[in-house]
Structures are given as structure tokens and as C-alpha cells.
Amino acid sequence: MIEVALGTLGATCLIIFGLSQWQSAQAQTKAKAQLEAAWTIKSPDQNLWSNKRVAVYEQQIADAPVSEAIGLVSIERLGINVAVFDGTSEKVLNIGAGRIPGTARFGRDGNLAIAAHRDGFFRGLKDIRVGDAISVKHGDGNDQFVVTNTWIVEPDDVSVLEPTDERSITLVTCYPFYFVGNAPQRFIVRGVASDDKSIIKKGERSEL
């Protein structure tokens with residue numbers, strides 16, 4: 001009887017484990033499908049883009065595997081809506097935005113840093129304001145952030161990528177936005193989770 005009971009218990013555990021694995025796989029499949037659908041149905045607004053950026057995007061987007069997208073960043077007021085991929089290779093930045101390695105993952109506490117080109121997807125950041133809403137969709141849900149401050153820094157100033165105690169987002173692009181050649185500085189946008197109790201800074205942009 002003990003052997004039968006143990007066998008039944010073992011079979012039950014296997015069934016429960018299998019069911020949980022199946023449910024997890026279904027959830028991931030659904031989340032992935034939602035991300036892919038959002039990516040494929042939204043054409044980027046290229047009105048502010050440089051001609052070079054439009055040409056490079058059109059050339060490479062056909063070969064971009066949609067399934068590699070790990071999230072979507074939207075700033076509705078500015079018309080920014082961009083798929084985010086892992087890493088910041090030139091190919092990634094030619095077709096979307098990239099999560100900067102070493103920073104927080106989507107849906108986790110800490111400082112999630114995302115980079116994109118100033119003459120492409122992040123051109124609209126030139127008009128960002130304190131208090132603007134940033135929406136971040138990912139496989140585990142949808143996070144909302146509020147812009148608290150902006151900076152202009154030198155390229156070697158990586159302090160803006162340091163971990164934070166609260167859930168935050170840092171957007172990085174080159175600066176000035178309209179500059180012939182390689183832009184010499186970096187424009188930084190910091191946002192905190194909208195449910196965070198931190199006081200939103202009301203100051204002006206920090207200029208060098």
C-alpha cells in the first residue's frame with residue numbers, strides 16, 4: 001500500500017510539474033506574440049529622421065528577426081514608439097533601440113538603460129519634458145515611468161548608467177540632435193516608476 005501511495009504521489013507531482021511548465025510556456029508564447037504583433041503593426045514615424053537614418057533602416061529592417069525584440073518603449077506625447085533589442089550593436093541601433101548591457105532587465109528593479117540614434121527613433125527626445133510618461137511593454141507586463149530630469153554629459157560619463165534603488169529608466173542618445181558628423185555629447189533622460197514615491201525634480205535641464 002505504501003508503494004502504491006508513493007507511486008500515486010510521484011505521478012501527481014509529475015502532472016503538477018508538467019502543468020506548471022505548460023502554463024509557463026503558454027504565458028511566454030502569448031507575451032512573445034503580443035510583442036511581435038505590436039512591433040509588426042506599428043510603422044515608425046520617420047518625419048523627424050535624417051535621410052541617412054531612413055535609408056539604413058529600410059535597408060536592414062527586412063532582415064531583422066522580430067522574435068529578438070525584448071520590449072517596446074513608447075512616449076505618446078512625442079510620437080516615440082520603438083522596439084527594444086538586447087545590446088547596442090550598430091545593427092540593433094539601425095532597426096530600433098538597444099538595452100545597454102550591464103543595466104537592469106525589463107520588469108526588474110534598478111536602472112534600465114536604453115540607447116537609440118539621435119537622428120532616428122530618439123530624435124523626438126529633443127522635446128522631452130519633466131513629467132512626460134514613458135510606457136515600457138515587455139514579456140512580464142507593462143511598466144509606467146515619469147520623466148524626472150534630463151542631462152547633457154560627455155561620452156565618457158557613465159555615472160548615468162549606475163544602478164538605482166528604485167525601478168528607473170534611462171534613455172541615452174547623442175547630442176546635439178542636429179549635428180553634422182559624430183555628435184560630441186550625450187543627452188540623458190531619467191524616469192522613475194510612476195508608483196514610486198520619490199519627489200519629481202522640477203528644475204531645468206542640466207547644461208554643461
Side-chain angles (χ1 to χ4, degrees), residues 28-29 31-46 49-50 52-75 78 80-125 128 134-143 145 147 150-151 153-164 167-175 177 182-193:
Q28 288 296 316
T29 300
K32 180 179 175 181
Q34 290 174 339
L35 281 178
E36 291 182 2
W39 168 238
T40 55
I41 64 175
K42 293 183 183 297
S43 298
D45 182 351
Q46 299 176 331
W49 292 26
S50 68
K52 173 187 175 182
R53 189 59 53 205
V54 172
V56 172
Y57 174 84
E58 297 295 342
Q59 178 182 356
Q60 293 197 2
I61 191 59
D63 299 327
V66 174
S67 60
E68 287 187 2
I70 58 174
L72 295 160
V73 170
S74 300
I75 305 177
L78 302 180
I80 293 176
N81 190 0
V82 56
V84 182
F85 300 82
D86 220 0
T88 56
S89 67
E90 188 62 24
K91 181 177 180 180
V92 163
L93 297 184
N94 281 338
I95 61 174
R99 185 191 73 87
I100 298 176
T103 65
R105 297 280 180 178
F106 282 88
R108 303 291 187 270
D109 289 341
N111 185 14
L112 167 64
I114 297 173
H117 283 306
R118 65 185 170 93
D119 58 350
F121 282 102
F122 274 1
R123 177 85 92 184
L125 290 184
I128 197 77
I134 303 175
S135 176
V136 178
K137 296 180 181 178
H138 49 86
D140 295 324
N142 189 344
D143 295 331
F145 298 88
V147 175
T150 64
W151 297 271
V153 302
E154 298 297 333
D156 59 354
D157 184 355
V158 296
S159 62
V160 295
L161 304 181
E162 293 177 355
T164 56
R167 184 173 299 192
S168 62
I169 188 169
T170 301
L171 306 181
V172 180
T173 195
C174 293
Y175 183 88
F177 287 94
N182 295 324
Q185 297 172 309
R186 301 293 178 265
F187 185 77
I188 311 298
V189 176
R190 172 64 55 80
V192 299

Exercise for the section: Kindly say whether V147 contributes a backbone atom to a donor-acceptor pair with the side chain of R190 at under 3.5 angstrom? Expected result: no

Exercise for the section: Report yes if some heavy atom in the side chain of Q185 is under 4.5 Å from a heavy atom in the side chain of C174; otherwise report no. Expected result: no

Exercise for the section: For the residue pair L112 and S168, establish whether any side-chain heavy-atom pair is separated by less than 4.5 Å. Expected result: no

Completion exercise
Between the OG1 atom in T173 and the CZ atom in F122, the distance rounded to the nearest 0.5 Å is 7.0 Å

Completion exercise
Hits for side chain to side chain contact (heavy atoms under 4.5 Å, CB included) against A113, two or more places apart or cross-chain, chain-then-number order -> I100, T103, L161, T170

Exercise for the section: Assign the ring pair F106 / H138 to parallel, tilted or perpendicular, where the plane angle (0 to 90°) is split at 30° and 60°. Expected result: tilted

Problem - side chain to side chain contact (heavy atoms under 4.5 Å, CB included) evaluation trace for I128 with L78 - result: CA-CA 7 Å; I128 197 77; L78 302 180; 3.5 Å; yes

Handout entry: Between F121 and W49, ring centroids under 6.0 Å
Key = yes

Problem - Lys/Arg N to Asp/Glu carboxylate O, D86 vs R105, below 4.0 Å - result: yes

Handout entry: Student check: side-chain heavy atoms of I70 and R99 closer than 4.5 Å
Key = yes

Practice task
Output, in order, the C-alpha distance, side-chain angles, deciding distance and verdict of side chain to side chain contact (heavy atoms under 4.5 Å, CB included) for V153 and Y175.
Solution key: CA-CA 9 Å; V153 302; Y175 183 88; over 6 Å; no

Practice task
Output yes when D143 and K137 qualify as a salt bridge under the 4.0 Å nitrogen-oxygen rule, no when they do not.
Solution key: no

Handout entry: N111 side chain to E162 backbone, donor-acceptor under 3.5 Å
Key = yes

Practice task
For G87 and V92, work out which heavy atoms get closest and say how close.
Solution key: O-CG1, 3.4 Å

Handout entry: Minimal non-hydrogen separation, F177 against F187, with atom names
Key = CZ-CD2, 3.6 Å

Exercise for the section: Indicate yes or no: at least one non-hydrogen side-chain atom of I188 is less than 4.5 angstrom from one of L171. Expected result: no

Problem - Check: I169 and I114 side chains under 4.5 Å, non-hydrogen atoms - result: yes

Problem - Listed once per pair and sorted, the salt bridge (charged side-chain N to carboxylate O under 4.0 Å, His left out) pairs that draw on residues 115-125, sequence neighbours left out - result: R53-D119

Completion exercise
All heavy atoms of N81 vs all of S74, minimum pair found to be OD1-OG, 3.1 Å

Completion exercise
In short, G96 meets A116 closest at the heavy-atom pair O-CB, 4.2 Å

Exercise for the section: Using side chain to side chain contact (heavy atoms under 4.5 Å, CB included) as the criterion, point out the one residue from I75, V136, V192 that pairs with F145. Expected result: V136

